[in-house]
Amino acid sequence: MKLSEIQETIKEHDFNLENKPGYFMKLIEEVGELSEAIRKEKSGQPTEFNIKGSIAEELNDILYYVCALANVHDIDLEETYILKDKLNKVKYSR
Ligand SMILES: [Mg+2]
């Protein structure tokens, strides 16, 4: 699944322009949960039976709120990635 498809899927069921600060707060909350998962060393690709509390789950939750936040701010993350990668190639001489 492409990042643009993930953004679109989220937009279809979770897009609330009145909730911009709420999406940001949830993102920060999920970063905290990732911190706990890293501290507990819950690494590796999970299955449906052990995904709860894993680093993979929290990274996914972060991706969700990054996409939701991008959507309400009218940002295409794929396009932004390409733009930023161009700048970084120059900055870091890649
Ligand atoms: Mg979470």
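In each ligand, atom 1 is the first atom listed, and ligand 1 is the first ligand listed.
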Return the set of residues passing side chain to side chain donor-acceptor pair (under 3.5 Å) with K42 (not counting sequence neighbours), or none when no residue passes.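 In terms of side chain to side chain donor-acceptor pair (under 3.5 Å), with neighbours along the sequence ignored, K42 is linked to no residue.
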
Could you check whether atom CG of D85 has more than 12 heavy atoms from other residues, nucleotides or ligands sitting under 6.0 Å from it? yes

Report, as yes or no, whether the 6.0 Å neighbourhood of atom NZ on K84 holds more than 12 heavy atoms from other residues, nucleotides or ligands. no

Closest contact, heavy atoms only, G53 versus E58: CA-OE2, 4.0 Å

Using a cut-off of 2.8 Å, how many protein N, O or S atoms sit around the Mg ion (ligand 1)?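 Considering protein N, O and S only, the Mg ion (ligand 1) has 4 within range.
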
With a 3.5 Å cut-off and sequence neighbours excluded, list the donor-acceptor pairs that the side chains of residues 3-17 form with protein atoms.
residue: S4; atom: OG; partner: E78; partner atom: OE2; Å: 3.2
residue: E5; atom: OE1; partner: K2; partner atom: N; Å: 2.8
residue: Q7; atom: OE1; partner: L77; partner atom: N; Å: 2.9
residue: Q7; atom: NE2; partner: N71; partner atom: OD1; Å: 2.8
residue: Q7; atom: NE2; partner: I75; partner atom: O; Å: 2.8
residue: T9; atom: OG1; partner: E5; partner atom: O; Å: 2.8
residue: H13; atom: ND1; partner: T9; partner atom: O; Å: 3.0
residue: H13; atom: NE2; partner: Y64; partner atom: OH; Å: 3.4
residue: D14; atom: OD1; partner: Y23; partner atom: OH; Å: 2.6
residue: D14; atom: OD2; partner: Y64; partner atom: OH; Å: 2.6
residue: N16; atom: OD1; partner: E18; partner atom: N; Å: 2.9

By salt bridge (charged side-chain N to carboxylate O under 4.0 Å, His left out), which residues pair with K52, not counting sequence neighbours? E57

